[in-house]
Amino acid sequence: MPLIREARPADVPRILALVRDLAHYEKEPDAVEATEADFTHALFPTEGAPTAYGHVAEVDGEMVAMAIWFLTFSTWTGQAGIHLEDLYVAPAQRGSGLGTALLTRLAQVCVERGYRRLEWAVLTWNTPAIEFYDELGAEPMTAWTDYRLDGAALQRVGTH
């Protein structure tokens with residue numbers, strides 16, 4: 001029987017391993033710069049509020065899936081929401097319902113806390129994920145284009 005629970009500090013090494021597995025799946029195997037210290041600081045800071053949160057799925061005591069998320073705010077609704085940064089299920093567990101269970105838990109968090117949205121992005125080539133999200137009733141936000149400043153561009157803009 002799978003167990004869906006909030007992440008704990010002892011989970012950080014396995015969470016980072018799952019993030020690295022996700023990077024391989026997303027064809028970016030060398031993109032992960034995060035360290036265990038980074039995850040510990042974000043999820044379980046010694047001071048202040050976390051900047052990220054996590055839920056994990058265990059099967060037979062082994063963590064095989066994770067959802068890392070953070071809070072958003074909608075100026076239109078005036079309410080908080082959840083942005084799901086990463087949802088990953090180990091290949092051997094795909095199709096077992098763990099992805100649905102993790103998304104269900106995050107939807108429950110939204111309902112329990114009065115958050116108005118649960119949002120995420122998906123790579124356009126990731127057909128299995130898109131089909132999964134469509135089956136849940138999630139709607140693509142096709143009128144929007146994501147933008148990002150990072151690296152040299154972020155430094156250039158941020159130092160003017």
Side-chain angles (χ1 to χ4, degrees), residues 4 6-7 12 15-43 45 48-57 64-91 93-160:
I4 306 297
E6 290 183 11
V12 167
I15 289 171
L16 186 54
L18 290 172
V19 168
R20 288 186 179 120
D21 290 348
L22 174 61
H24 281 277
Y25 177 77
E26 291 186 349
K27 303 173 186 171
E28 295 280 344
D30 299 321
V32 178
E33 299 175 12
T35 66
E36 289 182 18
D38 293 328
F39 273 88
T40 299
H41 179 71
L43 295 166
T51 56
Y53 303 87
H55 282 76
V56 299
V64 296
M66 55 117 194
I68 303 296
W69 56 277
F70 57 89
L71 291 178
T72 62
F73 180 79
S74 168
T75 57
W76 288 18
T77 68
Q79 301 295 316
I82 286 177
H83 179 85
L84 175 60
E85 178 65 16
D86 283 323
L87 174 68
Y88 183 74
V89 177
Q93 295 294 326
R94 292 192 187 134
S96 69
L98 291 178
T100 300
L102 283 165
L103 279 173
T104 297
R105 181 63 196 122
L106 293 185
Q108 290 169 342
V109 170
C110 287
V111 171
E112 291 164 3
R113 298 181 187 178
Y115 300 162
R116 297 280 300 272
R117 296 177 177 164
L118 173 54
E119 302 172 301
W120 61 90
V122 61
L123 292 166
T124 56
W125 59 259
N126 193 346
T127 305
I130 292 168
E131 290 172 355
F132 167 63
Y133 299 142
D134 287 344
E135 288 174 15
L136 288 175
E139 295 183 22
M141 304 295 292
T142 56
W144 296 86
T145 300
D146 292 336
Y147 276 83
R148 174 183 295 162
L149 273 176
D150 67 358
L154 178 63
Q155 293 300 313
R156 187 183 75 255
V157 173
T159 56
H160 277 87

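Minimum interatomic distance between Ala7 and Val56 (heavy atoms only, all atoms of both residues): CB-CG1, 4.2 Å. Scanning all heavy atoms of the two residues, the minimum distance from Ala34 to Phe39 falls at CB-CE1, 3.4 Å. When all heavy atoms of Pro140 and Asp134 are compared, the pair lying nearest together is CD-OD1, 4.5 Å. Nearest heavy atoms, Pro45 versus Gly48: CG-O, 3.5 Å.
Within the 3.5 Å criterion, the main-chain N or O of Val89 finds a donor-acceptor partner in the side chain of Arg94. Side-chain N or O atoms of Asp21 include none that pairs as donor or acceptor with a backbone N or O of Leu18 at under 3.5 Å.
The line from CD of Glu139 to OH of Tyr133 is 15.5 Å long, rounded to the nearest 0.5 Å. Summarising the geometry, atom CZ belonging to Arg116 is positioned 7.5 Å from atom OG belonging to Ser74; distances are rounded to the nearest 0.5 Å. Taking CD of Gln155 as the start and CG of Leu149 as the end, the distance is 10.5 Å to the nearest 0.5 Å. Atoms CD1 and CG, on Ile15 and Asp86 in that order, are 11.0 Å from each other to the nearest 0.5 Å. Interatomic distance, Glu112 CD to Arg105 CZ, rounded to the nearest 0.5 Å: 4.5 Å. Atom OG1 in Thr124 sits 6.5 Å away from atom CD1 in Ile130 (nearest 0.5 Å).
For the pair Arg117/Thr72, no side-chain contact is recorded, criterion being any heavy-atom separation below 4.5 Å from C-beta on. Here the side chains of Tyr88 and Met66 are in contact, with some heavy-atom distance below 4.5 Å. At least one side-chain heavy atom of Phe70 sits under 4.5 Å from a side-chain heavy atom of Glu85. In this structure, the side chains of Lys27 and Trp125 come closer than 4.5 Å at one or more pairs of heavy atoms. Considering only heavy atoms from C-beta on, Val32 comes within 4.5 Å of Leu16 through its side chain. Side-chain contact between Tyr53 and Ile82 is absent, with no heavy atoms from C-beta onward closer than 4.5 Å. Here the side chains of Phe132 and Leu87 are in contact, with some heavy-atom distance below 4.5 Å. Taking the side chain as every heavy atom from C-beta outward, Trp69 and Trp120 never approach each other to under 4.5 Å.
A salt bridge is defined here as a Lys NZ or Arg NE, NH1 or NH2 lying under 4.0 Å from an Asp or Glu carboxylate O, and Arg20 with Glu28 fails to meet this definition.
Exactly one residue among Leu102, Leu103, Ile68, Val122 makes a side-chain contact (heavy atoms from CB on, under 4.5 Å) with Leu84. That residue is Leu103.
The environment of His83 atom NE2 is dense: over 12 non-hydrogen atoms of other residues, nucleotides or ligands sit within 6.0 angstrom.
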